[in-house]
Protein chains: 2
Amino acid sequence: MPAPARTSTAAVVAAGRAIVETDGVEALTMQRVAEAVGIRAPSLYKRVGSRSELVRMVADQVALDLAEALDAAVGGGDPETDLRAVLAAFRAFARRNPASYPLVFEPGSGGVSPEARDRAIAPVLGVVRAIAGEQHALPAARTVVAWAHGFLTMELGGAFQLGGDVDEAWEYGVTRLVRALRG
Amino acid sequence: MPAPARTSTAAVVAAGRAIVETDGVEALTMQRVAEAVGIRAPSLYKRVGSRSELVRMVADQVALDLAEALDAAVGGGDPETDLRAVLAAFRAFARRNPASYPLVFEPGSGGVSPEARDRAIAPVLGVVRAIAGEQHALPAARTVVAWAHGFLTMELGGAFQLGGDVDEAWEYGVTRLVRALRG
DNA sequence: ACCTGAACACCGTTCAAGT
DNA sequence: ACCTGAACACCGTTCAAGT
């Protein structure tokens with residue numbers, strides 16, 4: 001006598017993500033997710049193998065959203081204009097999702113799957129290739145992503161609170177990086 | 001009738017740090033720290049206010065160690081040589097302390113005090129000033145630290161596992177950044 | 001002044017029992 | 001086939017009682 005499913009994996013992941021966005025990863029407890037989807041905590045194990053797996057699923061979805069946001073920023077015109085647009089979209093995404101963005105790259109938090117992470121930064125690789133050349137595309141893209149991610153981590157973490165203009169530092173970095181890739 | 005102290009705050013922090021280095025932040029439980037210093041968990045609250053505070057104290061100590069490592073790398077000669085040396089020391093430190101390094105800059109993990117974090121990157125600011133000029137010193141230093149931290153976070157997180165030479169990407173980044181600051 | 005055991009409210013996770 | 005309550009081993013934290 002089968003019992004009807006009262007929720008779905010997608011709903012569980014969505015609930016988990018909402019909790020992360022609102023109150024941070026540490027607030028993502030099985031009990032709270034269960035309450036959000038209208039079941040009891042033990043039943044969640046019909047959908048996910050463990051809390052860590054759920055966190056990873058949430059992280060993967062955030063990475064996919066980031067990929068889409070970066071894709072949308074590529075205009076197909078001047079490569080340097082595109083790179084600036086992609087970086088602006090990168091920062092906008094992180095500021096729009098301050099609690100879940102860190103999940104995409106941080107090792108400790110939970111760890112996205114390598115595929116999702118690679119997918120997220122694919123747009124950067126494409127745009128950078130046109131600037132730095134095929135030969136340097138990979139290290140150049142890694143340089144750009146490393147800088148952007150490091151900057152955003154520090155910005156979200158409040159590392160820039162004391163003195164100076166954060167927007168100015170971002171613009172400075174973008175300009176210098178674009179120039180450096182060209183050379 | 002006073003009871004003699006069986007441990008010290010320094011010993012508690014040191015024990016916490018050792019646990020983080022060995023098994024990661026999530027393994028830092030009050031019970032395990034207590035066992036390491038030879039007391040029971042409730043007694044730890046005579047030394048630290050909470051587990052979070054202990055994590056912060058560990059992070060601060062790691063940040064201080066990083067500051068010393070970077071200080072030691074500054075040779076006082078050619079600024080670009082110094083910057084390369086500081087960055088090499090930065091990476092060496094992160095690889096030597098893969099589990100505790102992330103505590104210095106990550107917002108989620110626990111959060112260092114702003115003072116300790118600023119102290120950690122002070123050597124970079126000093127060296128960069130000589131290259132980028134007084135006027136651009138702050139944004140230039142932020143660009144360098146953001147790149148280095150982003151790169152190391154991704155390297156430690158295994159983001160560079162698929163394809164390409166990580167050392168080459170690091171060298172590429174260092175060279176391009178040094179050049180970009182000069183311009 | 002510090003340490004302890006007992007207790008509390010929470011976790012994640014397992015599992016037999018229900019439908 | 002999914003859901004549940006009860007249970008287990010853990011957490012962090014508080015506190016009265018010991019020395």
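Here the structure is a predicted model, which is why all the values come from computation and not from measurement.
In this entry the distance linking NZ of B:K46 with C1' of D:dA16 reads 12 Å, nearest Å. In this entry the distance linking CZ of A:R6 with C1' of D:dC2 reads 8 Å, nearest Å. Taking atom CZ on A:R32 and atom P on C:dA9, their separation rounds to 20 Å, with Å as the unit. Here the C1' atom of nucleotide D:dG12 and the CG atom of B:L28 are 12 Å apart, to the nearest Å. One can place CE of A:M30 at 14 Å from P of D:dT4, the figure rounded to the nearest angstrom. Atom CZ of B:R51 and atom P of D:dC11 are 10 Å apart (whole Å). Counting to the nearest Å, the P atom of D:dC11 and the CG atom of B:L44 are 13 Å from each other. For B:E53 and D:dT13, the CD to P distance is 10 Å, given to the nearest whole Å.
In this model, no donor atom of one side chain and acceptor atom of the other lie less than 3.5 Å apart for B:H136 and A:E168. For the residue pair B:T29 / B:R51, no side-chain donor-acceptor distance below 3.5 Å is found, with atom types taken as modelled. Judged by distance alone, the side chains of A:R47 and A:S8 never bring a donor and an acceptor atom under 3.5 Å apart.
Side-chain contact between B:T143 and A:F151: absent, with no pair of heavy atoms (C-beta onward) separated by less than 4.5 Å.
Listed nucleotides: D:dC15, D:dT4, C:dC11. Nearest to the side chain of A:I39: D:dT4. Side-chain atoms of B:A3 lie closest to D:dT19 of the nucleotides C:dT4, D:dT19, D:dG12. Taking the side chain of B:A5 as heavy atoms from C-beta on, and the options C:dT4, D:dC2, C:dC2, the nearest nucleotide is C:dC2.
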With salt bridge (Lys or Arg N to Asp or Glu O under 4.0 Å) as the test, would you mind laying out the steps for B:R91 and B:D167 before giving the verdict? CA-CA 11 Å; B:R91 188 173 182 218; B:D167 291 340; 2.9 Å; yes
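Within the 4.0 angstrom heavy-atom criterion, only backbone atoms of the sugar-phosphate kind lie near B:T7; the bases stay farther away. At the heavy-atom level, B:R47 lies under 4.0 Å from the strands shown only through sugar-phosphate atoms.
For D:dT4, one of the phosphate oxygens OP1 or OP2 lies less than 4.0 angstrom from a side-chain nitrogen or oxygen of A:S43. For A:R40 and D:dC3, the shortest distance from a side-chain N or O to OP1 or OP2 is not below 4.0 Å.
Both A:A41 and B:A41 lie close to DNA chain C; mapped to their nearest nucleotides by heavy-atom distance, the more 5′-ward contact belongs to B:A41.
Relative ring orientation between B:Y101 and B:H149 is described as tilted, the plane-to-plane angle lying within the 30° to 60° band.
With respect to the salt-bridge test (charged N to carboxylate O, under 4.0 angstrom), the residues B:R40 and B:E35 do not qualify.
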Can you give the dot-bracket line for DNA chain C, where a pair is Watson-Crick or G-U wobble with both atom distances under 3.5 Å, crossing pairs use [ ], and | marks a partner on another strand? ||.|||||...|||||.||
